[in-house]
Amino acid sequence: MIEESGRVVEITSKGILVETVRQSACGGCSAAKGCGQKVIASIGQGQRFEVLADNPQQLILHAGDGVVLGLDEGVFLKASSLAYLLPLIFMIVAALIADLLKVSDLMVAVAGFGGLASGLAALRWGVQAGSDHCQFHPEILRAQGSDTAVHS
């Protein structure tokens, strides 16, 4: 389970809106000074993100409460694969179709980029269409530093 701490912003009918601050693990790594990954990780360091989380344990939460979010590694891998592979597959299929139609190399490249854009659009549409019952939402595992009760 991948865990991240955050703070409750709002409780809605669709779930609980939680604000997280992007942190990098580079500070705890012994190779941080010589690693190029640290530069990439520092780009978004400290940015705040809001994420819609499920509350399967029915914890009683209020705005401002600290919580720990969790996301199963399998779900994370599935979402990552979908996000990267779907646009790539669209791009390859569009380029192959254009190549089979015996168009110029420039048109094959244009078709490939069109397929990539179509794959990204399909991914965005799919995420928005399925946002009410999304399996990729993190869930609230526990509250941090408060006397949060379980709803019965």
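All residue numbers in this chain count up from 1 along the given sequence.
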Are Val8 and Val68 in one and the same hydrophobic cluster, where Ile, Leu, Val, Met, Phe, Trp and Tyr link if side-chain heavy atoms are under 4.5 Å apart? no

Grab the two heavy atoms, one from Gly119 and one from Leu86, that are nearest each other, plus how far apart they are. O-CD2, 4.2 Å

Could you tell me whether a side-chain N or O of Glu19 sits under 3.5 Å from a main-chain N or O of Phe49, the two making a donor and an acceptor? no

Determine, using the 4.5 Å side-chain heavy-atom cutoff (strictly less than), whether Phe76 and Leu123 are members of one ILVMFWY cluster. yes

With Arg7 via side chain to side chain contact (heavy atoms under 4.5 Å, CB included) - residues at least two apart: none

Side-chain contact, heavy-atom cut-off 4.5 Å: Leu141 with Met1? yes

Distance check, rounded to the nearest 0.5 Å: Leu59 atom CG versus Asn55 atom CG? 5.0 Å

Rounded at 0.5 Å granularity, tell me how far CD in Glu139 sits from CD1 in Ile16. 11.5 Å

Answer yes if Ile97 and Met107 sit in the same cluster of Ile, Leu, Val, Met, Phe, Trp and Tyr residues linked by side chain heavy atoms under 4.5 Å apart, and no otherwise. yes

Are Leu96 and Leu116 linked, directly or through intermediate hydrophobic residues, by side-chain heavy-atom contacts shorter than 4.5 Å (ILVMFWY only)? yes

Would you check if Leu69 and Ile140 make a side-chain contact, meaning some heavy-atom pair closer than 4.5 Å? yes

Would you say Leu82 and Ile2 are hydrophobically clustered, going by side-chain heavy atoms of ILVMFWY under 4.5 Å? yes

Where do Phe90 and Ala122 come nearest, in terms of heavy atoms and distance? CZ-CB, 4.1 Å

Where Ala98 and Val103 come nearest, the two heavy atoms and their spacing: O-CG2, 3.1 Å

Of all heavy-atom pairs between Ala94 and Ala111, which one has the smallest distance, and what is that distance? CB-O, 3.3 Å

4.5 Å side-chain heavy-atom contact, Gln144 and Ser5: yes

